[in-house]
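Comments concern the structure below.
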Amino acid sequence: MTLKDFEKNIGSQMLEKGFSYFQNGNVISVDEVAAGVWVAEVEGTDNYSVTIRTDKHKIKDWECDCPYDMGPVCKHVIAVFYAIAEEIKIPKEQTSKKSNPEKDNKKRLDKIFKTTTKEELQNFIIAQFSKERSLKNSFVAYFADLLEEHPEEKYKTIVTNLYKAAQGRNGFIDYHNVNKFANSLIELAKKGEEIFVKGNIIESLIISKTLIENICEFFHEVDDSQGRLSTAIEISFNTFSGIVSKAPPMLKDELFVYCVNEYQKEKYHDFGFEENFLELLPSLISTEEQETDFFELINKQI
């Protein structure tokens, strides 16, 4: 098998997955560390190390530290095959004439969307919802902006449905599903950050509060060994802190009460996030009564 003809020697389903990884930029790096020895890093459920040994264009051996054991080659290795072929600039006319599976499927989808009716598509989607609960939850989360709901309800719906979509049958979000879930939350946290920069303090505050309040309830049901959920909370608290610095007096009074109440909730204390509320309180004090409440809170904790 060579870098010119490897597509002929790999099953179409696995080839499609590998090509998709390559096309979507999951191959983070690929380097020839010695003659014919290529080392790459591929982003997947985790970041995986791939080593491929070649002799000119011939593929002699490969290794990947991912857990895949259902066949001789995984999608991460295939993605690196494509990356190496591009790196050494194998002319396209020399590569396999086998059809591009990703491109072929796009053509099929385009044809289906052009010829099917709106009602047929709706019926198909609804039928899939009955088979895949996670699909329904992902669908609702994705299109939540179209719902005519109060922002608090809307963002609560988004976060709740993302959580349900990522859950396994036992209600736990395992190592293999946590990255996609956490990335969606991080994306939402960054949206809150961007909205704040544009001057929409209220909606930004709603997003930050929704993420902070809910993510802390997820931790016991998620394998977050990589700390991705913590990243979403950190971004949200940073935005929250910015809002505190810009908040008008009446909003500051509301946020003072909010931070005092949230600080005392047990769900934050298991992970040390309550300290973020405590650090914000001095910036929110504007009356003697608030100052007294603050020191009483400190004394109570001591």
Side-chain angles (χ1 to χ4, degrees), residues 16-29 40-50 64-68 74-76 79-80 83 102 132-147 151 154-198 203-204 206-240 242 271 273 276:
E16 183 176 345
K17 291 179 179 179
F19 181 77
S20 178
Y21 260 51
F22 165 70
Q23 192 176 50
N24 292 333
N26 289 60
V27 181
I28 299 171
S29 64
E41 184 178 5
V42 182
E43 183 180 11
T45 305
D46 198 349
N47 284 2
Y48 299 112
S49 296
V50 174
C64 179
D65 61 0
C66 76
Y68 179 76
C74 66
K75 58 191 174 186
H76 312 108
V80 178
E102 188 76 14
E132 293 287 341
R133 183 191 65 176
S134 63
L135 176 61
K136 179 172 67 175
N137 289 311
S138 296
F139 187 87
V140 173
Y142 186 84
F143 290 104
D145 280 340
L146 302 179
L147 303 176
K154 179 178 72 173
Y155 289 113
K156 172 77 172 178
T157 297
I158 290 173
V159 172
T160 300
N161 280 277
L162 286 172
Y163 176 62
K164 290 180 178 178
Q167 286 179 315
R169 293 182 180 179
N170 60 357
F172 187 79
I173 301 178
D174 62 23
Y175 178 81
H176 298 289
N177 293 317
V178 69
N179 265 1
K180 183 179 180 181
F181 172 56
N183 287 341
S184 297
L185 297 182
I186 290 171
E187 187 176 327
L188 184 57
K190 288 180 178 178
K191 177 181 178 180
E193 189 177 48
E194 292 168 3
I195 290 174
F196 168 67
V197 171
K198 292 177 180 178
E203 187 170 358
S204 175
I206 290 171
I207 293 173
S208 299
K209 287 167 65 176
T210 301
L211 287 169
I212 290 168
E213 292 170 19
N214 286 277
I215 292 176
C216 285
E217 296 178 356
F218 300 154
F219 272 104
H220 292 295
E221 304 299 331
V222 176
D223 178 358
D224 189 39
S225 53
Q226 295 184 60
R228 300 287 287 161
L229 291 186
S230 299
T231 300
I233 286 191
E234 287 170 9
I235 295 171
S236 298
F237 268 118
N238 286 338
T239 303
F240 195 103
F271 308 100
F273 293 119
N276 291 279

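We count residues from 1, following the sequence as given. Note that this is a predicted model, so its numbers are computed, not measured.
- When all heavy atoms are compared, the tightest approach of Ser230 to Phe273 is OG-CZ, 4.1 Å.
- In terms of the side-chain hydrogen bond (donor to acceptor under 3.5 Å, both in side chains) criterion, Glu193 has no residue partners (sequence neighbours excluded).
- If you take OG1 on Thr210 and CD1 on Ile215, they are separated by 10.0 Å, rounding to the nearest 0.5 Å.
- Taking the side chain as every heavy atom from C-beta outward, Val178 and Arg228 never approach each other to under 4.5 Å.
- Residues Ile207 and Gly192 come closest through the heavy atom pair CD1-CA, 3.8 Å.
- Between Phe218 and Val159 there is a side-chain heavy-atom pair separated by less than 4.5 Å.
- Here CG of Leu188 is found 7.0 Å from OH of Tyr155. Values are rounded to the nearest 0.5 Å.
- The closest donor-acceptor contact from the side chain of Ser20 to the backbone of Glu16 lies at 3.5 Å or more, if one exists at all.
- Residues Glu203 and Lys154 meet the side-chain proximity criterion, which asks for heavy atoms closer than 4.5 Å.
- Aromatic rings of Tyr48 and Tyr21 (six-membered ring for Trp) have centroids beyond the 6.0 Å cut-off, not under it.
- Counting non-hydrogen atoms of neighbouring residues, nucleotides and ligands closer than 6.0 angstrom, the NZ atom of Lys191 exceeds 12 such neighbours.
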Taking it one step at a time, do Ile233 and Phe219 satisfy side chain to side chain contact (heavy atoms under 4.5 Å, CB included)?
CA-CA 11 Å; Ile233 286 191; Phe219 272 104; 3.8 Å; yes
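- Considering all non-hydrogen atoms of both residues, Asp223 and Phe172 come closest at N-CZ, 3.5 Å.
- Note that NE2 of His76 and SG of Cys66 are 5.0 Å apart. Values are rounded to the nearest 0.5 Å.
- Relative orientation of the Tyr163 and Phe181 rings is tilted, given thresholds of 30° and 60° on the angle between their planes.
- Annotation for Gly44 and Asn179: closest pair O-ND2, 3.9 Å, computed over non-hydrogen atoms.
- Between Asn161 atom CG and Ser184 atom OG the span is 12.0 Å, to the nearest 0.5 Å.
- Taken from CG in Asn276 to CZ in Phe237, the straight-line distance is 4.0 Å, to the nearest 0.5 Å.
- Annotation: the span from Glu213 atom CD to Ser208 atom OG amounts to 10.5 Å, rounded to 0.5 Å.
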